[in-house]
2 protein chains.
Amino acid sequence: MCGHEVLAAVLQVRDDRLHVLLWRRAIDPDAGAWSLPGGDLAADEHLGGSIRRQLAEKVDVRELAHLEQLDSRGRPERVPDRRVVATSYLGLVPVDADPQVPDDTAWHPTDALPRTAFDHGEIVRTAVARLRSKLSYTNLGFALAPPEFTMSELVKVYRAALGHDVDPTNLQRILVRRGQIEATGSTARHGPGGGRPAAIYRFTARALEVTDPFAVLGPPRG
Amino acid sequence: MCGHEVLAAVLQVRDDRLHVLLWRRAIDPDAGAWSLPGGDLAADEHLGGSIRRQLAEKVDVRELAHLEQLDSRGRPERVPDRRVVATSYLGLVPVDADPQVPDDTAWHPTDALPRTAFDHGEIVRTAVARLRSKLSYTNLGFALAPPEFTMSELVKVYRAALGHDVDPTNLQRILVRRGQIEATGSTARHGPGGGRPAAIYRFTARALEVTDPFAVLGPPRG
DNA sequence: CGAGGTTTTCGACTACTGGTCGATAACCCG
DNA sequence: CGGGTTATCGACCAGTAGTCGAAAACCTCG
């Protein structure tokens with residue numbers, strides 16, 4: 001009667017919009033609906049290892065810049081005809097990667113999801129909310145941005161991920177002050193028409209770092 | 001081969017220190033070690049319902065002011081002789097409650113845990129970290145404080161929960177400005193020795209509210 | 001009843017961070 | 001070299017938090 005599955009919402013900015021990787025179910029229940037990649041936990045696996053294994057069938061795992069656990073859902077009726085608890089993950093792929101994906105999978109804009117199987121749509125919304133909040137107080141942008149970028153490129157990534165306008169001046173100042181990004185020293189060339197060449201930046205770290213876990217109600221600094 | 005259990009780290013400020021409710025294991029494996037209350041998920045339960053049912057055997061659930069999911073752990077070797085995935089919860093009990101607990105359970109200071117069973121110590125540390133960070137950007141204090149309180153009483157609760165000094169002036173200003181607490185209008189009387197009577201406050205809400213999910217990188221306010 | 005002690009509360013000051021916007025820099029092309 | 005374009009910088013403002021001393025409101029004792 002008991003079962004455990006792992007699912008991942010893998011997000012990537014494509015064409016200036018935030019997308020999620022979905023997989024078209026071929027069999028019932030809910031055949032034809034789009035669902036998250038994942039599957040049953042094997043006997044000797046831990047949760048993180050399992051989701052990596054299952055994702056490897058859909059995406060080159062080396063493209064995954066970040067992976068973290070979201071939550072677990074266990075409503076008995078969340079999947080018909082079967083009792084299964086699901087632990088969901090958030091995965092992030094940088095904007096410059098273009099992973100090979102199987103024929104039955106496709107990227108869908110997160111703001112216009114198709115009909116999804118079971119509670120998978122809810123999981124995608126949870127993933128997007130987690131990403132948006134963490135972009136504000138961590139360096140998680142490294143997992144969406146290419147290795148090197150100009151500020152206007154980065155702004156486009158943040159705009160797509162956050163779903164609202166972002167001011168380049170502000171973004172640059174905030175990320176530099178926090179030490180999240182640094183200038184490489186080189187500049188980018190332009191297409192025809194010109195304009196001042198943009199400075200090229202990179203993220204200083206490629207693993208999650210939290211920005212001073214809330215100065216609010218902080219301990220005395222002295 | 002598969003199993004699923006739910007566990008809860010129930011926290012309360014007692015005697016100006018943050019405590020967790022632990023239960024002494026009578027049987028192997030790990031007999032004699034202290035472990036978190038919880039147990040196996042039943043066939044027709046969802047996760048939140050299950051942890052409430054299991055907690056009801058240890059604490060009056062009406063004393064629980066807050067309950068939220070922490071994370072899930074599935075390392076195959078986390079419990080010997082048995083493959084079981086655990087979903088952990090954070091529970092909070094207000095400082096003024098004094099729940100009846102069974103003989104085999106006791107409150108332990110979180111900064112001096114006894115030998116704990118399996119990975120339960122790790123779960124407690126995760127719970128404390130979650131509480132501390134949420135105290136800064138949510139109104140979660142409502143779940144630790146009594147229904148009505150003076151600022152000095154509230155400061156003692158925050159000090160114990162956060163593990164560092166808290167300035168009363170600052171705390172009052174921040175919580176009032178955020179609309180988390182309000183003055184009731186009455187004042188508290190003192191013991192011998194006098195002093196100005198303290199204003200009595202209450203929390204304005206008794207459910208979790210997030211303080212403006214990060215103005216940082218926020219959308220244009222105009 | 002007033003002086004001194006105690007606790008709480010208020011106000012002023014500072015520092016830092018983020019949002020906004022105009023000015024300037026650096027490039028292209030004709 | 002002048003005009004168009006894009007990027008960057010600097011200045012200004014607002015909101016929030018940390019700190020600290022002064023004032024308020026009470027008690028008790030002489």
Side-chain angles (χ1 to χ4, degrees), chain A residues 133 135-139 141 148-156 158-159 162 164-201 210-222, chain B residues 133 135-139 141 148-156 158-159 162 164-201 210-222:
Chain A
S133 106
L135 275 181
S136 309
Y137 69 94
T138 70
N139 64 343
E148 304 201 324
F149 47 84
T150 65
M151 283 315 296
S152 28
E153 290 166 345
L154 191 63
V155 161
K156 282 203 274 186
Y158 272 74
R159 259 203 270 264
L162 291 173
H164 61 72
D165 207 9
V166 172
D167 182 68
T169 295
N170 217 1
L171 186 65
Q172 193 266 357
R173 183 164 37 108
I174 291 173
L175 296 186
V176 167
R177 179 157 48 190
R178 291 180 176 174
Q180 287 185 21
I181 64 174
E182 63 191 0
T184 63
S186 47
T187 55
R189 190 137 305 278
H190 273 280
R196 175 174 176 169
I200 298 191
Y201 290 85
V210 175
T211 306
D212 184 7
F214 306 110
V216 184
L217 294 180
R221 309 212 169 163
Chain B
S133 102
L135 274 181
S136 309
Y137 68 95
T138 71
N139 64 344
E148 304 201 324
F149 47 84
T150 66
M151 282 315 297
S152 28
E153 289 166 345
L154 191 64
V155 161
K156 282 203 274 186
Y158 272 74
R159 259 203 271 264
L162 291 172
H164 62 71
D165 207 8
V166 172
D167 182 68
T169 295
N170 217 0
L171 186 65
Q172 193 266 357
R173 184 164 36 105
I174 292 173
L175 297 187
V176 167
R177 179 159 46 194
R178 291 180 175 175
Q180 288 185 21
I181 64 174
E182 62 191 1
T184 63
S186 46
T187 56
R189 192 136 303 279
H190 273 281
R196 175 173 176 169
I200 298 191
Y201 290 84
V210 175
T211 305
D212 185 9
F214 307 109
V216 183
L217 294 180
R221 305 207 176 170

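Chain A is the first sequence line, chain B the second, and so forth, proteins listed ahead of strands; every chain is numbered from 1.
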Query raised in the report: Do the side chain of Q180(A) and the main chain of T138(A) share a donor and acceptor less than 3.5 angstrom apart?
Result: yes
Query - 5' precedence on DNA chain D between Q172(A) and T187(B) (nearest-nucleotide basis) - result: Q172(A)
Query raised in the report: What's the CG-P distance between D167(A) and dC9(D), to the nearest Å?
Result: 14 Å
Query raised in the report: dG18(D) phosphate, OP1 or OP2: any side-chain N/O from N170(B) under 4.0 angstrom?
Result: yes
**Report entry** Gap between atoms CZ and P, on R177(A) and dA15(C) respectively (whole Å)
**Finding:** 15 Å
Requested in this report: Establish, with yes or no, whether the OP1 or OP2 oxygen of dC9(D) is under 4.0 angstrom from a side-chain nitrogen or oxygen of R173(A).
Outcome: no
Query raised in the report: Side chain of R189(B): nearest nucleotide among dG19(C), dC27(D), dT8(D)?
Result: dC27(D)
Report task. Evaluate side-chain contact (heavy atoms from CB on, under 4.5 Å) for L175(B) paired with L171(B), printing each intermediate quantity in order. Result -> CA-CA 6 Å; L175(B) 297 187; L171(B) 186 65; 3.8 Å; yes
**Report entry** Nucleotide nearest A198(A) when distance is taken to its side chain, options dA17(D), dT8(D), dT9(C)
**Finding:** dT8(D)
Query raised in the report: Between dG15(D) atom C1' and I174(B) atom CD1, what is the distance in whole Å?
Result: 12 Å
Query raised in the report: For the side chain of P197(A), counting heavy atoms from C-beta on, which of dC21(C), dG11(C), dC27(C) is nearest?
Result: dC27(C)
Requested in this report: Would you give the length of the straight line joining atom CD1 of I181(B) to atom CD1 of I174(B), rounded to the nearest 0.5 angstrom?
Outcome: 10.5 Å
Requested in this report: Return the 5'-most residue of the pair Y201(B), G195(B) with respect to DNA chain C, ranking by each residue's nearest nucleotide.
Outcome: G195(B)
Requested in this report: Check the pair T211(A) / R177(A) against side-chain contact (heavy atoms from CB on, under 4.5 Å), numbers first and verdict last.
Outcome: CA-CA 11 Å; T211(A) 306; R177(A) 179 157 48 190; over 6 Å; no
Query raised in the report: Starting at the 5' end of DNA chain D, which residue's closest nucleotide do you reach first, S152(A) or R196(B)?
Result: S152(A)
